[in-house]
Amino acid sequence: MASERYNAPLREKHWQKVWEERQTFLTRDDDSRPKRYQLEMFPYPSGRVHMGHVRNYTLGDVMARYMRAKGFNVLHPMGWDAFGLPAENAAMERKVHPAKWTYENIATMKAQLKSMGLSIDWSREFATCDPSYYVHQQRLFLDFLEAGLAYRRTAKVNWDPVENSVLANEQVIDGRGWRSGAVVEQRDLTQWFFRITAYADQLLEALDGFAGRWPDFVCTSQRNWIGRSTGQLVSFALKGPKLPKKLASLEIFTTRPDTLFGASFMAISPEHPLAQHLAKKSVKLAAFIEECRKIGTTEEALARAEKKGFDTGVVAEHPLKPGETLPVFVANFILMDYGTGAIFGCPAHDQRDHDFARKYGRPIVPVVLPPGADAASFSVADEPYLGDGTLFNSQWLDGLSVEAAKDKVADWLKERGLGERKVNYRLRDWLISRQRYWGCPIPVIHCEACGIVPVPQKDLPVKLPEDATFDRPGNPLDHHPTWKFTTCPKCGADARRETDTMDTFVDSSWYPYRYCAPDAPTPTVKAAIDRWMPVDQYIGGKEHAVLHLLYARFFARGMKATGHGNVDEPFTAMFTQGIVVHETFRAESGEWLMPSEVRIEGEGAARKATHIASGKPVVIGAIEKMSKSRKNVVDPDDIIAHFGADTARLFIVSDSPPDRDIIWTEGGVAGAGRQVQRISRIIDEVVEKAPKPLARPGELGPEANELRKAAHKALAAVGQNIEGLRYNVAVAQIYEFLNTLQSLLGKSGQGLDFAIREAGELLVQMVGPMLPHLAEDCWARLGYNTLLADQPWPQAEAALLVDDQITIAVQVNGKRRDELTVARDATAGEIETAALGLESVVRALAGKPVKKVIVVPQRIVNVVG
RNA sequence: GCGGGCGUGGCGAAACUGGUAGACGCAACGGACUUAAAAUUCGUAGGGCCGCAAGGCCCAUGGGGGUUCAAGUCCCCCCGCCCGCACCA
C-alpha cells in the first residue's frame with residue numbers, strides 16, 4: 001500500500017487547534033514537578049517575523065518540548081518588546097499612531113509565531129508598551145530613585161542626530177548610533193542615569209562562575225566593557241601663578257606607580273578644571289582647548305586626531321624627588337571621563353608618553369631594567385620598554401620587581417597622605433533618558449520649589465498622551481500642548497512633568513520576572529519569582545553580549561536591593577545563536593533581487609542565475625545576513641505555507657550547529673521537506689506491520705536485536721544532544737537510526753515486528769521536539785488517542801546501550817592495520833594474544849621483534865615493533 | 001596593541017576525558033521503477049599509487065616543529081578568518 005503524501009500545512013493547522021483547545025501548553029504554578037524556565041529573547045514587533053526569529057524560537061521550542069517530556073513543569077512564555085523608535089518613524093512617515101502600528105504588528109507576528117507550532121503559554125503574553133506593564137516599570141524606577149540607583153545629572157552624553165535623542169555608551173558602536181548608524185556627537189545635557197557602576201565589581205566577579213554555561217565571548221566582552229584596572233591615585237603639588245586653593249594640587253590615576261621616578265611631564269584633559277581655570281587667563285590656551293573641542297565632537301575623530309599638547313607654564317613638584325618639577329601640559333588625548341582626567345607621563349615605559357616626550361623634547365629616563373639587560377647600555381630611545389623587570393634609577397625602589405615597587409610606592413604615598421590605591425572602571429553609568437515619545441514615561445515632576453518630586457503611587461501610571469503629533473523633529477512629549485503641565489504633588493504649585501522616556505532596554509531588563517506573574521498588581525510577586533526565577537536557559541542573538549545581557553544582570557541586582565527580585569543573576573545559562581545568511585543576487589543594473597525572483601541552474605563553477613521575469617543574467621553575490629536592503633530574505637510564511645512549519649524547523653536544526661551562522665538554501669529546505677515525508681512514510685509502514693503495540697516475544701532474532709539497539713542508542717544520544725544544544729548531532733543520530741529501521745522494514749525475523757513497532761513509537765517520540773506536528777500526527781496513526789505532547793520522554797533500556805561484542809582497531813607502530821572483534825569484557829591479555837595472532841600484524845611487523853603492546857580495552861590495541 | 005573564538009572532503013558538518021578522522025546530511029555519479037518527469041529505491045564515493053581481482057601501500061584535519069606507543073584533540077612558533085575592547089593612563 002502506497003502511503004499518502006503527508007499534507008503538512010493542513011495537518012499542522014489541525015494539531016495547532018487541538019493544542020489550543022486542550023490548553024496543552026498552559027503552565028500552572030501549582031504543579032509539583034520541578035520547574036524549568038525556558039526563554040528566548042522576545043521580539044520587537046517590527047512588522048513581520050523573519051528567519052532570525054524562526055531560528056531563535058525553534059531553538060527554544062525544541063528545548064521546551066524536550067524538557068516538558070522529561071517531566072519538568074516548563075514555563076515557556078512570549079511577549080513583545082514593543083516600545084521603540086521604529087513605531088515613531090512609522091508615525092511620521094505614514095501618519096499612523098505608534099500604538100496602532102505596534103498592535104497591528106503584534107497581531108500579525110503572533111499569528112505567524114502560532115503557525116510555527118511553538119509550545120508557548122500564550123496566557124502570559126504582554127506588550128511592554130501597555131500601561132499595565134509600564135506602570136510597574138515606573139514603580140521600579142521610583143524605588144530605584146529612592147535607593148539611589150537612579151539619579152539625574154549633567155554630563156557629556158552621546159547625541160544621535162538622526163534619532164534626535166541621546167544614547168547610552170553601550171549603544172554607540174564605533175562612534176555611531178547602534179540603530180541609526182549616524183555619527184554620534186558629544187553634548188552637555190542633564191539626563192537620567194542608572195547607577196550600574198555601583199555593581200561593577202559584582203557584575204565582573206560573577207562572570208567567573210559562568211564558565212560552561214555562558215559563551216566565553218559574552219563573558220570576555222562584558223569583562224572588557226566593565227574594564228576594571230587596579231592602580232594608584234597620586235597627588236602632585238602645583239606651583240604656578242596664583243592658583244586657587246582647590247587647584248593647588250593635581251591628582252592623577254596611574255596603573256604604573258612603580259615608574260614614578262621616570263616621570264618627565266604631566267598632562268591634563270582640556271576639560272579638566274585646572275585647564276578651564278588657566279584658559280581664563282590665557283588666550284592661547286583657550287584657543288588650544290577650543291581646537292580640541294572642535295576635533296572632539298565625535299568619539300571617532302577623537303581617537304584619530306594627532307596627539308597635541310600645550311605647556312601651561314604651571315609645574316608640579318615630584319612627590320618622590322623633592323626639588324624636581326614637571327611641566328603640566330594640556331593634552332588632547334587625555335579623557336576627562338577616565339580616572340581623574342590627569343596623568344603623569346613616563347616616556348620610557350609607555351608608548352603614548354614616549355611619542356609625546358619626543359615631540360615636546362622631554363627627557364626619557366628608563367627605570368625598569370629588563371631581565372638580563374645591562375643597566376649601563378640599556379636604551380629606550382627608540383621605543384619604550386613595556387615588560388616586566390627590575391627597578392633602577394629609582395633610589396629606594398632600586399632592585400625591586402615591578403609588583404613590589406608598586407606596593408612600596410603605594411605604602412609610601414599613603415603614609416604621607418599623597419595618594420591611595422584605587423580601582424578604576426571603564427564602565428559608565430547607564431544613561432536611560434530618551435527624548436522620544438514611544439517609551440515608558442519617567443514618572444517624576446519638576447517643581448521650582450521642591451526640585452525633583454516622584455509621581456505619587458496613586459497617580460501611576462503616568463500614561464503617554466494619545467493625541468501626540470509626529471509632524472516635526474524633536475520630542476513629541478515636549479511639543480504636546482498640555483501634557484507636561486501639572487502641579488507639584490508636594491506643594492501644589494505649577495510644575496512640569498519629565499518629558500524624557502526610558503531607554504527601551506529598561507523594558508527588556510526585567511520582563512522575565514513579569515512572566516512569572518503577568519497580571520499581578522505589583523511588579524513582581526515573591527512566590528511566583530521564587531517558583532520560576534532564574535531563567536534556566538536563555539537563547540538569543542550575539543549582538544546583546546554587552547547591551548541587554550549586561551543591563552538585565554544589573555537590573556536583577558537593583559530589583560533585589562529594592563525588594564522586587566530574588567536573584568543576582570537572572571539567566572543561569574545563556575546560549576547565543578548564529579545568524580541566518582543567504583546568497584545575494586543582483587541584476588546587471590546593480591539592483592538587488594529577491595531569491596524568489598531568480599532561477600538557478602547548474603552546479604559549482606557552472607552555476608548560473610537568471611532573472612525569471614526578464615530572462616536576463618543575474619550576478620550571484622556574497623552570502624550575507626538576511627536583510628531587507630540586500631533583498632536576500634526568505635519569508636517564513638512562504639516556507640510554512642508550502643512545506644509546513646516542521647520542515648522549516650527541521651532545516652533550522654539540522655546540519656548547522658545552533659551557535660554558528662546558518663546558510664539558508666532552497667535545496668536544503670527541500671531536503672528537510674523530503675525527510676519529513678520519509679518519516680511519515682516509514683511510520684505508515686510500521687503501522688501496516690504492527691497496528692498496535694505487540695507483546696514482547698520470549699526470543700528475539702538478530703534483526704530484532706539490532707533494531708532495538710539502534711533505537712535505544714539513538715534515544716539516549718538524542719536526549720543528551722538536545723540537552724547540550726547540539727541539535728544538529730541529534731538530528732544526525734535520528735537519521736542514522738532511521739536508516740537502520742528502514743533497511744529492516746522489508747525483512748522478517750524472530751520478534752522483528754515487535755521491534756519495528758517499538759522503533760516506530762520511539763522514532764515518533766524522538767522527533768517530537770523538532771517536528772511536533774508530524775510527531776503528533778504519527779502518534780495518532782499509531783493508534784493513540786492521547787497527545788504526544790503529553791507523553792513522557794521514553795527511558796532507554798540500559799542493557800541495549802552496551803554491546804557484547806565490540807570492534808577495536810589494531811595498530812602497528814601507531815598505524816591502523818586491522819580490526820578485531822572481541823567480547824566487551826575481554827582482558828588486555830586476551831586482546832594482545834588475538835592481535836599478535838593476526839596475519840596483518842605479523843606482516844606489518846616484517847619480522848621485527850615486538851617491543852611493547854599497548855592495550856586500551858574497548859578502544860584500541862597498538863603493537864610496537 | 002590586549003583579550004576571546006575559529007581553521008577538518010565539492011558543501012554543511014561529526015569525532016566523549018589523546019585511542020579506527022570524515023558519522024549524518026546536501027550536492028554528484030551509476031543502476032532500478034516510469035512512455036517521460038517528479039517522487040521513490042539500490043549502489044559508489046577524501047586524495048594518490050600498485051593490482052585482472054581479492055587486496056595492499058602512501059598522503060591527508062591552515063603551515064612548521066615538539067611531547068606520546070598513539071595528536072583534529074596537548075605544548076611552542078607562524079599564516080588566515082570572525083568577534084569584543086582600545087589615545088583607558
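Chain naming here is simple, since letters A, B, ... match the order of the sequence lines and numbering starts at 1 in each.
Nucleic acid contact class of A/Glu666 (heavy atoms, under 4.0 Å, all strands): none. In this structure, A/Arg817 reaches the sugar-phosphate backbone alone: every heavy-atom distance under 4.0 Å involves primed, P, OP1 or OP2 atoms, never a base. Here A/Gln811 lies in heavy-atom contact (under 4.0 Å) with a base. Within 4.0 Å of A/Val856, counting heavy atoms only, lies at least one base atom of the nucleic acid. Residue-level contact check: A/Thr340 touches neither bases nor backbone, having no heavy atom under 4.0 Å from any strand. A/Pro657 comes within 4.0 angstrom of the backbone, heavy atoms only, and of no base. A/Arg843 comes within contact range of the sugar-phosphate backbone alone, with a heavy-atom separation under 4.0 Å but no base atom that close. Using a 4.0 Å heavy-atom criterion, one finds that A/Ser654 contacts no nucleic acid atom at all. Residue-level contact check: A/Ile334 touches the bases, meaning some heavy atom is under 4.0 Å from a base atom.
For A/Ile854, whose side chain is taken as the heavy atoms from C-beta onward, the closest listed nucleotide among B/G12, B/A89, B/C69 is B/C69. Comparing B/C88, B/C24, B/U41 by their nearest atom to the side chain of A/Arg426 picks out B/C88. Between B/A70, B/A14, B/U20, one nucleotide has an atom nearer to the side chain of A/Arg660 than all others, and that is B/A14. Closest to the side chain of A/Arg681, from the set B/G4, B/U40, B/G25, is B/U40. Distances from the side chain of A/Lys852 to the nucleotides B/C69, B/C16, B/C85 place B/C69 closest. Of the candidates B/G84, B/U20, B/A14, the closest approach to any side-chain atom of A/Asn224 belongs to B/G84. Distance from the side chain of A/Tyr735 is smallest to B/G25 among B/A89, B/G25, B/C69. Checking B/G25, B/C24, B/G19 against the side-chain heavy atoms of A/Gln675 singles out B/G25 as nearest.
If you measure from atom CD of A/Gln171 to atom C1' of B/C85, you get 18 Å, rounded to the nearest angstrom. Protein atom CD1 of A/Ile226 is 17 Å distant from nucleotide atom P of B/G84, rounded to whole Å. Rounded to an integer number of Å, the gap from A/Glu583 CD to B/C26 C1' is 14 Å. One interatomic measurement links the two molecules: CD of A/Glu170 to C1' of B/C85, which rounds to 13 Å at whole-angstrom precision. If you measure from atom CZ of A/Phe236 to atom P of B/A89, you get 16 Å, rounded to the nearest angstrom. Atom CD1 in A/Ile343 sits about 11 Å away from atom C1' in B/C88, given to the nearest Å. When the P atom of B/U41 is taken as reference, atom CZ of A/Arg674 falls 10 Å away, rounded to whole Å. Atom CG in A/Leu650 sits roughly 19 Å away from atom P in B/G12 (whole-Å rounding).
Note on A/Lys713 versus A/Asp803: salt bridge recorded, some NZ/NE/NH1/NH2 to OD/OE distance being below 4.0 Å. Salt-bridge formation is not detected for the pair A/Lys156/A/Asp337: no Lys NZ or Arg NE/NH1/NH2 atom is positioned less than 4.0 Å from an Asp or Glu carboxylate oxygen. Ionic pairing of A/Arg256 and A/Asp350 is not present here: no N-O contact between side-chain nitrogen and carboxylate oxygen is shorter than 4.0 angstrom.
Distances shown here put every side-chain N or O of A/Lys815 at or beyond 4.0 Å from the OP1 or OP2 atom of B/G56. For A/Arg5 and B/A38, the shortest distance from a side-chain N or O to OP1 or OP2 is not below 4.0 Å. In terms of phosphate contacts, A/Asn728 brings a side-chain nitrogen or oxygen within less than 4.0 Å of OP1 or OP2 of B/A14. In this structure, A/Asn739 reaches the B/G25 phosphate: one of its side-chain N or O atoms is under 4.0 Å from OP1 or OP2. The phosphate of B/U41 (OP1 or OP2) has a side-chain N or O of A/Gln742 nearer than 4.0 angstrom. The phosphate of B/C24 (OP1 or OP2) has no side-chain N or O of A/Arg726 nearer than 4.0 angstrom.
Residue A/Glu383 qualifies as open at atom CD: its count of foreign heavy atoms under 6.0 Å is 12 or below.
Both distances falling under 3.5 Å, in either a Watson-Crick or a G-U wobble arrangement, occur for no nucleotide opposite B/A36. Across all strands shown, the partner of B/C29 is B/G43, judged by Watson-Crick or G-U wobble contacts whose two distances both fall under 3.5 Å. Nucleotide B/C57 has B/G48 as its partner under the Watson-Crick or G-U criteria, with both atom distances under 3.5 Å. In this entry B/C16 has no Watson-Crick or G-U wobble partner, no candidate having both defining distances under 3.5 Å. The base-pairing partner of B/G1, taking Watson-Crick or G-U wobble contacts with both distances under 3.5 Å, is B/C85. Nucleotide B/C6 has B/G80 as its partner under the Watson-Crick or G-U criteria, with both atom distances under 3.5 Å.
Each of A/Glu736 and A/Gln677 has a nearest nucleotide on RNA chain B; the 5'-most of these lies closest to A/Glu736. Between A/Asp216 and A/Val810, the one whose closest nucleotide on RNA chain B sits nearer the 5' end is A/Asp216.
B/A86 and B/C76 are spaced 28 Å apart, taking the P atom of each and rounding to whole Å. Nucleotides B/U44 and B/A54 have their P atoms positioned 13 Å apart, rounded to a whole Å. B/G48 and B/G43 have their P atoms separated by 25 Å, given to the nearest Å. On the P atoms, B/C74 is 9 Å away from B/G18, given to the nearest whole Å. Taking the C1' atoms as reference points, B/U73 lies 10 Å from B/A15, given to the whole Å. B/G63 and B/G72: their P atoms are spaced 11 Å apart (whole Å). Look at the P atom in both B/A89 and B/G5: the space between them is 22 Å, to the nearest Å. Nucleotides B/G9 and B/G62 have their C1' atoms positioned 15 Å apart, rounded to a whole Å.
The ring of A/Trp664 has its center closer than 6.0 angstrom to the ring center of A/Phe651.
Between the base of B/C16 and the side chain of A/Arg859 there is a donor-acceptor pair shorter than 3.5 Å.
Side chains of A/Tyr6 and A/Asp684: a donor-acceptor N/O pair is absent below 3.5 angstrom, by distance only.
The structure places CD1 of A/Ile663 at 4.0 Å from CD1 of A/Ile623, a figure rounded to the nearest 0.5 Å. Separating the CD1 atom in A/Ile734 from the CG atom in A/Asn739 is a distance of 12.0 Å, to the nearest 0.5 Å.
Here B/G9 is in the syn range [glycosidic angle within 90° of 0].
The list of side-chain hydrogen bond (donor to acceptor under 3.5 Å, both in side chains) pairs with a residue in residues 848-865 of chain A, not counting sequence neighbours, reads A/Arg824-A/Gln858.
Partner A/Tyr360 forms a ring pair (Phe, Tyr, Trp, His ring centres under 6.0 Å) with one of A/Phe265, A/Phe310, A/Phe329 and no other, that one being A/Phe329.
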